[in-house]
Every structure is written in structure tokens, then in C-alpha cells.
S.K.: 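I'd like to ask some things about the structure below.
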Protein chains: 4
Amino acid sequence: MTTISTHTRVRYGETDKMGIAYHGRYLDWFEMGRTEFCRALGKSFSYWESEGVMLPVVEAHCRYKSPLLYDDEIEIQTTVKNLSTVSVIFECKIFNAATHKLAAEGHTKHAFTSPDGKLLRNGNKLLDWLKNSSDENQNE
Amino acid sequence: MTTISTHTRVRYGETDKMGIAYHGRYLDWFEMGRTEFCRALGKSFSYWESEGVMLPVVEAHCRYKSPLLYDDEIEIQTTVKNLSTVSVIFECKIFNAATHKLAAEGHTKHAFTSPDGKLLRNGNKLLDWLKNSSDENQNE
Amino acid sequence: MTTISTHTRVRYGETDKMGIAYHGRYLDWFEMGRTEFCRALGKSFSYWESEGVMLPVVEAHCRYKSPLLYDDEIEIQTTVKNLSTVSVIFECKIFNAATHKLAAEGHTKHAFTSPDGKLLRNGNKLLDWLKNSSDENQNE
Amino acid sequence: MTTISTHTRVRYGETDKMGIAYHGRYLDWFEMGRTEFCRALGKSFSYWESEGVMLPVVEAHCRYKSPLLYDDEIEIQTTVKNLSTVSVIFECKIFNAATHKLAAEGHTKHAFTSPDGKLLRNGNKLLDWLKNSSDENQNE
């Protein structure tokens, strides 16, 4: 399964009074990973939204392995784990890019919905594309 | 001119590695102040959005006077300063509620626009309401 | 086991382009819940930090049940679920306060550490307090 | 005076229900700009903090010129505008990188303080470095 990497740095405003990155911000980084995953496979997530498919999060999970500090460069690795007719799971690992140490890992589960929030029960274009992109990449 | 007060506390995730509230979060508190200002005057800002008037920010300014710490209770004081046909300025002061010390003061300037971002050049219902609410309250 | 409730509203800046509260912000609300849990039991979390006990998050989980909109009042219900010598789990439910509909539920797991991030392996004052506060409240 | 550019993209969680980037997040981007400004000149801001100089924000100002959308690539241009013995002003412009349209411009003013928040009244190493780096670069 394709894994896409993207990099960013811990912002000052993402740290907290413990001096480390605030745990809630990792979900923002997971989202960056999903955005870059779609772009790397050839179509932006914005494109899919304009095609009428939304991906609201129905579950999020994160295990924090080692703290990140202000200005640490991080590598976000994203992959698709489970694809069903109505949902997709993105798995995400965050590494300290300098030390290659795993900082956190987790996933988000998303429903495929219409722009007005209705579950798309009978499949959709984004689902097909994720399936095909994965298949193509698995064969490579 | 009416001044409306609302209270909240500094969240852990709003602090940064300096151990104080991150300066960017004050704009979120200013926004809380505007929301409560409208509610206190009798109509929620959601209502005005549903009536087709949006208030995108065109300018923001903040002076930071004394730092706020995690869990500090803050008082947000909001008032309308300038009303023109096309824009409104909300002024905001943030106090440490325990010490009554001024923590920050500033303002945001907003354009009146339609939901698709077009400037409402010829007045609008929210403008009239803000004008009347202010007038009524000035007479009290 | 004691459950503590606290209320807040969805801020404008906590919504996203889907028009609903962004999933990452729920972890900030969980944190508000933990803060108010400690205060309600008689000692602020700031106090425990000043006593040398930190609670970095080692795991976070959230299931999103129904979307929240801008300005929705939410009720955050927090309870302690698991207490061990080295960690504690806080469980959290978030309700739409107007409809009493469950919006999300989840938990965070925290390690007890010193201010410099060392695991407190042999117990600590905050652990004892949480245990006693829970026991006292269970008897009520 | 040296101007340093850095790029990022608007995250999903940085948009709001108007469908555009939330105005408060621009201050986070200004901060990214300052961080990269220091790195580009040869010493990270983390380094200066470890040398005992902090830069709390005492004033922030931003004018919003044109909205930014989710996933828009932005260019952040940062320069030092005013240097005094006790403070520094960073100016910041944010462009839509695809259209080169100015999205926002503003500044932040910072005090030079010790880690415990005391104003450094008699100059400091970071001030000297900013002065020298600027001078060197002005001669280029």
C-alpha cells in the first residue's frame, strides 16, 4: 500500500506550557498527511470535495511515543488502511525527522458523505479512485 | 455604547512554551466576545448569518499588556466602536478576572458581505440592528 | 465514580469549511473537562503541576457521533476511568446541551511525570488525591 | 533589509464555516515567518531562546486583503522593520503563491526579555545579531 511522506515543523503556537507539542495538534498534522496523500496520488482532496464527496471524521486515535519540541522537523507518513463502501481509514505515523524516532502513530476513520452530510451508501468516485490508486501502487 | 462582558478560562492548549497564553489565541477570544455581544443584545450572530449577512475580518489589532497563564479566568469586554454602511469595528478588552488587570486590548474591523463574499454596499439588516441596539442602549 | 460537567460553546474559529466543528478541537474540549474535573474535586490542575506532577497525554481516542455547529452550547462530562501507579485515564462525553444528543465520546490516557518528563514510577500526590477523591465520592 | 520567504498550505482545520482561512490563524503564519527568518540568517530562534532571550509579542496587527482557501499554497515574506534596544518589529506579508495576490500584511512587535519575562533593558545578543545580520545583508 502506498505511503506518502510530507514534512513540516512544530510551530511555536503548537507547543504548550510543558514545553512540548500539544497533543491535540497532532490531529492537524494527520490532516496535512491526508491532504498530501491525495495530492501525491494525483488529485487534490479539494477536487474530490468539488465533486461532491466529503470525508467527515468519525473516529480518531493517537498514541504519543516521544515528545516533539518547538521547531522540530517532523515527517508525516500516511497510508490508506481500510476501504469499505461507506468509510476509509487513514493511518498516520509522525517521526522526528532529525532523529527518525517515532513521535506518534494513529489513525482517523472517515465516512463518505454528500456536502449536506448524508452518508453515500452506494459507493462514490473518491472511493473508486482510492481503490484504483492503491491497486496500481500495489502492483508497482 | 453598550459593553458586554463574558468569561472563559485559558486552556492548556492555548499556552505556549513560554508558559503563557499564545498571542494568536487572543483573536479567538475577541471572537467569543463578539458572539456574546450579539446574543446579549437579543439576536445571535448565527441568526444574522442565516439572514445572509457575513462579517469577515478585514483588520485585527491587539496590544498585549500583561501575560495570562493556564487556567486564568479572563473577562472579555466587547463594544461596537464604529459603524459605517459597509463596516463595523468591535473593540475588545481582556482582563485577568482575578486581578482585574488589563491583559490585552484591541479591535477587529469587519466588512458586511453576502454569503458569497460580496460587499453589501447599501446597508443591511445587521447594520440597522446594531445601530438601533446601540441607540436604545445609549438611552438607558 | 464522580462525573463532572462543564459547559462551553463552539467558537467560530473551531468550525471548518464543512460548516461543523473541526474534529481536532474536541481534544481541547476534553482538556477543559479534565481541568474542571480537578477544580470541582477541590484542587486545580495548576496546583498539581506546581507540586511537581505533570500529566502528558500518551493516548487519545475520540468517536464522533453527531456534528456540532458554530455557537452550539456543549456539555462536557468527565470522569476518571482507570487509575494505576503510573497512569490515569479520563473518559469524556460531549453533548449538544440544547438537544442532549451525544456529539462525541472518548478518552485520554496520561502518564504521571516529573516536570522534566521522567515517569513517576512509585506513585505521587496527584494519584493519591484522585484515588481518595474518587473513593469519597463513590460512597456518597 | 533582508526579506525571507517561506511556504506552507492552508490546513483544513484553519478554515472556518465561511469556507475561508480563519483570521486568527494568520498570526500563526506570521510566527512561522519569524522562525524561518532567523533560520535563514543562520541561527534558529530556538538557539536564541537557549541563550536566554525570549521575544514575547507586545503588539500584533494584520490587514486582510483577499481570502485564502483550504489547500491554497501561501508565501510568507518576513523582514525586520524596527530594532530598538528593547524591542523589534517583524513585518509580514502573506501571498497566495499561485496567484501572487497579497492575502494579508501586518506586523508583530516583540520585547526582548529574559526567560522569566523581565525586559532586557541594556541590549542582548539576539539584538546584536539581528542588527549585524541586517547590516551585512543590506551591504549585499
Side-chain angles (χ1 to χ4, degrees), chain A residues 13-35 44-46 48-50 52-69 87 89-90 92 94 102-119, chain C residues 13-35 44-46 48-50 52-69 87 89-90 92 94 102-119:
Chain A
E14 292 172 337
T15 61
D16 66 24
K17 72 190 286 287
M18 261 190 283
I20 60 176
Y22 184 69
H23 69 283
R25 303 305 159 246
Y26 289 64
L27 295 188
D28 297 76
W29 298 333
F30 283 16
E31 186 274 312
M32 285 183 71
R34 296 190 300 273
T35 294
S44 73
F45 182 60
S46 283
W48 293 111
E49 289 201 327
S50 71
V53 188
M54 314 303 280
L55 280 184
V57 177
V58 295
E59 187 185 321
H61 184 259
C62 188
R63 281 179 202 272
Y64 304 87
K65 297 295 190 177
S66 61
L68 292 167
L69 306 182
S87 69
I89 292 176
F90 286 93
C92 198
I94 293 175
L102 182 65
E105 58 185 345
H107 69 265
T108 50
K109 184 178 177 181
H110 304 254
F112 296 108
T113 75
S114 62
D116 58 350
K118 294 281 189 333
L119 190 65
Chain C
E14 291 173 337
T15 62
D16 65 24
K17 71 189 287 287
M18 262 191 281
I20 60 176
Y22 184 68
H23 69 283
R25 302 307 158 245
Y26 288 64
L27 295 188
D28 297 76
W29 298 333
F30 283 15
E31 185 274 312
M32 285 182 71
R34 296 190 299 273
T35 294
S44 73
F45 181 59
S46 283
W48 293 111
E49 288 201 328
S50 71
V53 187
M54 314 302 281
L55 280 185
V57 178
V58 295
E59 187 185 322
H61 184 259
C62 188
R63 282 179 201 273
Y64 305 86
K65 298 294 191 177
S66 61
L68 292 167
L69 307 182
S87 69
I89 292 177
F90 286 94
C92 197
I94 293 175
L102 182 64
E105 58 185 344
H107 69 264
T108 50
K109 184 177 178 180
H110 304 253
F112 296 107
T113 75
S114 62
D116 59 349
K118 294 282 189 334
L119 189 64

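Predicted model only: the values in this text are computed from it and were never measured. Below, chain A is the first sequence line, B the second, and so on; all start at residue 1.
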S.K.: Select all residues of residues 57-66 of chain A having any heavy atom within less than 4.5 Å of some heavy atom of chain C, and report them by number, or 'none'.
M.R.: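 Interface residues of residues 57-66 of chain A: A/Val57, A/Val58, A/Glu59, A/Ala60, A/His61, A/Cys62, A/Arg63, A/Tyr64.
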S.K.: Run the ring pair (Phe, Tyr, Trp, His ring centres under 6.0 Å) test against C/His110 and tell me which residues pass, sequence neighbours left out.
M.R.: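 Scan of C/His110 (ring pair (Phe, Tyr, Trp, His ring centres under 6.0 Å), adjacent residues dropped) gives C/Phe90.
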S.K.: According to ring pair (Phe, Tyr, Trp, His ring centres under 6.0 Å), who are the partners of C/Phe112, at least two apart in sequence or on a separate chain?
M.R.: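 Partners of C/Phe112 by the ring pair (Phe, Tyr, Trp, His ring centres under 6.0 Å) criterion come out as none, since no residue qualifies.
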S.K.: What part of C/Pro115 is in contact with chain A, defined as an atom under 4.5 angstrom from a non-hydrogen atom: side chain, backbone, both or neither?
M.R.: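 Contact with chain A is absent: no heavy atom of C/Pro115 under 4.5 Å.
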S.K.: Is it the backbone or the side chain of C/Tyr22 that comes under 4.5 Å from a heavy atom of chain A, or both, or neither?
M.R.: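 C/Tyr22 touches chain A through side-chain heavy atoms alone.
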S.K.: Among residues at least two apart in sequence or on other chains, which ones pass salt bridge (charged side-chain N to carboxylate O under 4.0 Å, His left out) with A/Lys17?
M.R.: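 Once residues adjacent in sequence are excluded, the partners of A/Lys17 under the salt bridge (charged side-chain N to carboxylate O under 4.0 Å, His left out) criterion are C/Glu49.
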S.K.: Distance check, rounded to the nearest 0.5 Å: C/Met18 atom CE versus A/Thr113 atom OG1?
M.R.: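 Reported to 0.5 Å precision, the distance equals 7.0 Å.
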S.K.: Specify which of C/Met54, C/Lys109, C/Arg25 makes the most heavy-atom pairs with chain A at under 4.5 Å.
M.R.: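 Heavy-atom pair counts peak at C/Arg25.
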S.K.: Looking at C/Asp28, C/Asp16, C/Ile20, which one has more heavy-atom pairs under 4.5 Å with chain A than the rest?
M.R.: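 Sorted descending by pairs with chain A, the first entry is C/Asp28.
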